[in-house]
Amino acid sequence: MTVSLVTLEHQGAVALVTLSSPNALNPLTHELMTALGNTLQMLDADNQTRAIVVTGSARAFAAGADIQAMAQMTYARAVTENFLADDWQRVSTLRKPVVAAVRGYALGGGCELAMIGDIVVAGDTAVFAQPEIKLGLLPGAGGTQRLPRAVGKSLAMEMNLTGEPITAARALAAGLVSRVVPDADVVNTALTIGESIARHSLPVLMAVKAATSRAFETSLAEGLSYERSAFHGCFALDDQREGCVAFLERRVPHFNHR
Ligand code: HXC
């Protein structure tokens with residue numbers, strides 16, 4: 001029997017990707033990460049898709065990397081096989097906007113996967129943690145890098161050094177998530193955000209994502225320089241002319257994504 005670890009649905013130009021491991025906690029096994037990477041890379045290359053929503057089960061967005069596999073891992077194998085590196089490279093280098101819709105547990109690699117989202121929507125009972133320290137590990141997919149950029153040093157250190165969880169409300173206050181909504185509304189809220197994104201020009205969406213991401217990767221001067229170039233580049237697009245003219249003609253723009 002073949003089990004589909006990831007399900008894919010389309011709502012117009014928005015793709016909904018659901019982690020669907022037989023274990024509703026969605027441990028991030030190599031098989032699940034491979035299926036997720038394949039799906040996300042395919043969507044990133046698909047001209048009909050302009051926004052991607054990633055969600056898990058009602059119980060867990062994901063409860064982290066596969067502890068079964070890590071219990072067997074050795075240093076030599078981790079280094080020579082570059083353990084987890086390719087899996088995570090493939091899910092974290094998308095050029096299209098990603099909305100993470102988090103219900104339940106987002107622990108360890110699950111929290112790190114949520115942070116790959118450009119926008120994170122959480123259910124009101126969602127729980128975020130980097131509990132790797134309890135396993136004799138440190139976060140290996142962004143917990144020491146994306147988390148402090150999202151929530152600041154003090155809370156990131158507290159989460160990484162204690163392994164203790166934070167609530168959705170605290171995640172909202174810290175800036176880890178953009179919205180907290182009732183659990184039952186998480187996926188629809190994320191899809192609505194996705195639709196709001198997807199009505200815009202695809203090359204401009206990609207430019208906005210790339211430029212905004214620079215804010216976390218480079219100096220202010222470099223980032224502003226990148227932004228200026230990207231802004232100037234928009235004037236090469238038909239969609240820039242269409243957007244401005246449509247405004248002046250008081251009509252909805254019809255973007256052709258070029
Ligand atoms: C493998 C896992 C798992 C995981 C749970 N299970 N989490 N298997 N990897 N990350 C398995 C359990 O072993 C158990 O299997 C079954 O799922 C149900 O789990 P329970 O613990 O019985 O459920 P519950 O009591 O409801 O507790 C839920 C939970 C807890 C709070 C989410 O399972 C938990 O704390 N899980 C581990 C979370 C964690 O430490 N994550 C970080 C991993 S390290 P059986 O066969 O006994 O039923 C990490 C490193 C990232 O993510 C590095 C870069 C990617």
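Quick note: numbers below take in every heavy atom, side chains included, and nothing from hydrogens, waters or symmetry partners. Just follow the structure's listing: the first ligand is 1, and inside any ligand the first atom is 1.
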Would you call Arg149 and Glu217 a salt bridge, using N to O less than 4.0 angstrom?
-> no
Near Ala141 (heavy-atom distance under 4.0 Å), the atoms of ligand 1 are 54 (C), 55 (C)
When you measure from atom 3 (C) of ligand 1 to every protein heavy atom, which one gives the shortest distance, and what is it?
-> Pro27 CB, 4.2 Å
Considering only protein heavy atoms, determine whether one is less than 4.0 Å from atom 45 (P) of ligand 1.
-> no
May I ask you to list the atoms of ligand 1 that are less than 4.0 angstrom from any heavy atom of Trp88?
-> 55 (C)
Per-atom filter on ligand 1: closer than 4.0 angstrom to a heavy atom of Leu84 are 53 (C), 54 (C), 55 (C)
Cation-pi check, Arg214 to Tyr226: give yes when NZ or CZ is under 6.0 Å from the six-membered ring centre and within 45° of the ring axis, no otherwise.
-> yes
By number and element, which atoms of ligand 1 are closer than 4.0 Å to a non-hydrogen atom of Gly64?
-> 10 (N), 52 (O)
Taking the side chain as every heavy atom from C-beta outward, state whether Gln130 and Leu138 have any pair of such atoms under 4.5 Å apart.
-> no
For atom 48 (O) of ligand 1, is some protein heavy-atom partner under 4.0 Å away?
-> no
Determine whether Val91 and Val54 make a side-chain contact, defined as any pair of heavy atoms from C-beta on separated by less than 4.5 Å.
-> no
Can a protein heavy atom be found under 4.0 Å away from atom 30 (C) of ligand 1?
-> no
Atoms of ligand 1 under 4.0 Å from any heavy atom of Leu135, numbered from 1 in the order shown, are 40 (O), 43 (C), 44 (S)
Leu147 versus Phe128: any side-chain heavy-atom pair under 4.5 Å?
-> no
To which of Ala63, Ala65, Ala69 does the heavy atom nearest atom 41 (N) of ligand 1 belong?
-> Ala63
Min over Pro131, Gly109, Ala60 of heavy-atom distance to atom 40 (O) of ligand 1 lands on Pro131
Are the side chains of Val99 and Ile197 in touch, meaning some heavy atoms are under 4.5 Å apart?
-> yes
Is the shortest heavy-atom distance from the side chain of Arg90 to the side chain of Asn38 under 4.5 Å?
-> yes
Before accepting this row, confirm whether a basic side-chain N of the pair Asp44/Arg95 lies closer than 4.0 Å to the acidic partner's carboxylate O.
-> no
for atom 19 (O) of ligand 1, nearest protein heavy atom and its distance come out as Leu25 CD1, 3.3 Å
Min side-chain heavy-atom separation Arg199-Val252 under 4.5 Å = no
Starting from atom 15 (O) of ligand 1, which protein heavy atom do you reach first, and at what distance in Å?
-> Asn23 ND2, 4.8 Å
Return the residue, atom name and 0.1 Å-rounded distance of the protein heavy atom closest to atom 53 (C) of ligand 1.
-> Gly140 N, 3.7 Å
If you measure from atom 32 (C) of ligand 1 to every heavy atom of Asp66, Asn26, Leu107, which option wins on shortest distance?
-> Leu107
Is it true that Met70 lies under 4.0 Å from ligand 1, counting heavy atoms only?
-> yes
Are the charged groups of Glu164 and Lys134 less than 4.0 angstrom apart, N to O?
-> yes
For Gly108, take its heavy atoms, then give the atoms of ligand 1 lying under 4.0 Å from any of them.
-> 42 (C), 52 (O)
Sub-4.0 Å atoms of ligand 1 with respect to non-hydrogen atoms of Arg59 = 23 (O), 24 (P), 26 (O)
Heavy atoms, side chains only, cut-off 4.5 Å: are Asp239 and His200 in contact?
-> no
Under the 4.0 Å line, does any protein heavy atom show up next to atom 23 (O) of ligand 1?
-> yes
Measure from atom 12 (C) of ligand 1 to the protein's non-hydrogen atoms and state whether any distance is below 4.0 Å.
-> no
Return the residue, atom name and 0.1 Å-rounded distance of the protein heavy atom closest to atom 37 (C) of ligand 1.
-> Ile67 CD1, 3.7 Å
Option from Gln48, His10, Arg50, Lys96 for which side chain to side chain contact (heavy atoms under 4.5 Å, CB included) with Leu43 holds | His10
Contact check, side chains of Met159 and Ile166, non-hydrogen atoms, under 4.5 Å = yes
